[in-house]
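Here is the structure we will look at.
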Amino acid sequence: MPRMDKKILAIYYTQSGQMAEIIDSFTSPLIDAGASVEKAVIRPVVDYNFPWTGKRFFSVMPSCVLGIPEPLAPLGLKEKSYDLIILGYQPWFLSPSIPSNSLLHNEEFKALLKDTPVITISAARNMWINAFVRVRKMLNDAGAKLVGNIALFDKHPNPVSFVTIFYWMLSGKKERYLNIFPKPGVAEADIARCEGFGQTVVQHLKNNSWNGLQDDLLKQKAVEINYKLMFIEARAKPIFAVWAKIISKRKNQTPWLSAFKYYLFIALFLGAPVLLTLDAVFLKPFSSKRIKAKKLSYSQIINS
Ligand SMILES: Cc1cc2nc3c(=O)[nH]c(=O)nc-3n(C[C@H](O)[C@H](O)[C@H](O)COP(=O)(O)O)c2cc1C
């Protein structure tokens with residue numbers, strides 16, 4: 001096969017290794033096509049230990065939501081410019097994870113982003129929309145050209161993945177909790193599906209055109225928007241912002257973070273079903289146009 005003369009950077013953060021698997025699957029067709037793919041991992045100067053303790057897990061909430069960047073180790077990249085940058089990130093508290101947000105504030109990286117095509121891949125529990133909107137805006141502000149987005153998530157029911165992600169995050173094991181619950185995180189089949197998305201990207205690289213890439217990815221279901229999750233996330237976003245502002249101003253944050261933790265449990269298991277029922281009766285039947293427009297705006301790569 002003739003070598004494809006393209007320089008690609010795949011940069012990402014991961015704690016469990018899940019995003020590394022996703023990047024490997026997605027980039028394998030690019031490598032097979034002969035492109036040069038440089039993989040780089042985001043390294044915070046003070047990294048977040050994995051697995052988490054419950055206390056540390058909630059302690060990062062204010063900085064995540066308020067988007068406060070942390071120092072990163074030098075990126076140590078080989079090239080001064082790339083034909084394509086692939087950015088793999090994960091949402092933390094409905095916001096870009098602190099390491100990903102820090103990268104998007106990093107001057108060296110921002111210089112690379114300018115006028116460069118970018119494909120974003122997120123791997124969430126199941127609420128990724130707000131983080132994506134923020135990443136999309138930061139990329140736009142840096143002058144990058146977002147050409148594609150892939151949103152991977154755990155497809156199990158919301159309360160189930162809530163339980164299993166805590167087991168995963170606090171034990172470090174991506175395994176079945178008590179042998180009763182399903183495996184946490186992005187399903188192996190969905191990680192394998194990323195190879196197909198990579199093949200689509202190869203076609204666009206060969207044609208030297210990014211036009212229609214996102215539409216092609218959407219046909220492959222690279223982004224699927226679940227109405228109920230979109231609804232819950234939209235309600236939770238401003239509430240998280242209020243909690244983050246209040247907690248960040250406290251000298252002793254511990255009792256406040258603990259209160260937020262209880263709020264989160266109650267909101268998910270009690271508040272969300274009540275709100276969803278009210279919405280199903282009073283709002284949703286009359287909002288089909290607005291819902292359609294929202295879903296479209298989140299599947300697209302254009303800032304709206
Ligand atoms: C502190 C923290 C907060 C998280 N908050 C969210 C969230 O708001 N929405 C979501 O869908 N997933 C959330 N997750 C799950 C991550 O998006 C991600 O799927 C998981 O951490 C695995 O990523 P990894 O590749 O870094 O191991 C959170 C994870 C952590 C550690």
Side-chain angles (χ1 to χ4, degrees), residues 10-26 39 41-44 47-68 70 87-103 120-135 150-175 183-187 190-191 194 223-226 228-230 232-237 239-241 243-244 257 260-261 263-265 267-268 272 298:
I11 189 161
Y12 62 94
Y13 181 73
T14 189
Q15 291 192 308
S16 66
Q18 176 178 269
M19 182 51 83
E21 281 180 38
I22 291 166
I23 292 286
D24 286 349
S25 169
F26 180 68
K39 293 180 191 169
V41 176
I42 307 169
R43 296 194 193 283
D47 207 351
Y48 300 86
N49 288 333
F50 183 77
W52 298 79
T53 62
K55 198 171 167 198
R56 268 199 308 109
F57 185 89
F58 285 97
S59 71
V60 297
M61 188 280 280
S63 304
C64 283
V65 174
L66 300 174
I68 301 167
E70 289 283 334
L87 171 63
Y89 70 96
Q90 51 290 108
W92 286 2
F93 295 107
L94 311 182
S95 315
S97 65
I98 297 176
S100 325
N101 180 56
S102 307
L103 181 71
T120 43
I121 309 183
S122 62
R125 178 178 75 90
N126 62 16
M127 294 195 196
W128 57 270
I129 293 176
N130 184 43
F132 170 60
V133 169
R134 284 171 63 168
V135 166
I150 296 158
L152 303 165
F153 61 92
D154 183 338
K155 308 258 169 72
H156 293 103
N158 195 28
V160 172
S161 61
F162 192 83
V163 171
T164 61
I165 197 150
F166 273 110
Y167 171 68
W168 181 22
M169 294 292 114
L170 303 183
S171 72
K173 296 179 195 148
K174 198 180 181 189
E175 287 170 7
K183 261 189 162 186
V186 176
D190 281 338
I191 296 179
C194 292
V223 179
E224 288 173 283
I225 297 177
N226 173 311
K228 289 184 181 173
L229 295 172
M230 177 174 86
I232 301 171
E233 187 174 349
R235 300 296 156 305
K237 177 190 150 191
I239 303 171
F240 274 35
W243 275 100
L257 288 167
F260 172 74
K261 178 175 76 184
Y263 155 77
L264 201 63
F265 284 100
L268 184 91
Y298 298 141

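Start at 1 and go down the list; that is how both ligands and their atoms are numbered.
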> So W243 and F93, ring-ring contact (aromatic ring centres under 6.0 Å, His included) or not? Walk me through it.
Replying inline: CA-CA 11 Å; W243 275 100; F93 295 107; over 10 Å; no
Can you sort out which atoms of ligand 1 are near [X], meaning under 4.0 Å from one of its heavy atoms?
X    : answer
M19  : 25 (O)
A123 : 17 (O), 18 (C), 19 (O)
L94  : 7 (C), 8 (O)
W52  : 31 (C)
I165 : 15 (C)
N126 : 10 (C), 11 (O)
T14  : 24 (P), 25 (O), 26 (O), 27 (O)

> Nearest to atom 16 (C) of ligand 1 by heavy atom, A236, P91, S16: which?
Replying inline: P91
> Out of Y12, F57, Y48, whose heavy atom is nearest to atom 1 (C) of ligand 1?
Replying inline: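 The nearest heavy atom belongs to F57.
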>> Taking 4.0 Å as the limit for heavy-atom contacts, which would you say applies to M169 with ligand 1: side chain only, backbone only, both, or neither?
In response: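 Within the 4.0 Å criterion, M169 contacts ligand 1 through side-chain atoms alone.
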> Given that the side chain starts at C-beta and the backbone is N, CA, C, O, which of these parts of F58 lies under 4.0 Å from ligand 1, counting heavy atoms, or is it both or neither?
Replying inline: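 Neither part.
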> W128 near ligand 1, heavy-atom distance under 4.0 Å?
Replying inline: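 The answer is no, since W128 has no heavy atom less than 4.0 Å from ligand 1.
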> Considering residues at least two apart in sequence or located in another chain, which fulfil the ring-ring contact (aromatic ring centres under 6.0 Å, His included) criterion with F240?
Replying inline: F260
> Parallel, tilted or perpendicular for F132 and W128, by the 30°/60° rule?
Replying inline: tilted
> Pick one: which of H156, R125, K155 meets side chain to side chain donor-acceptor pair (under 3.5 Å) with S161?
Replying inline: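 Checked H156, R125, K155 against S161; only one passes side chain to side chain donor-acceptor pair (under 3.5 Å): R125.
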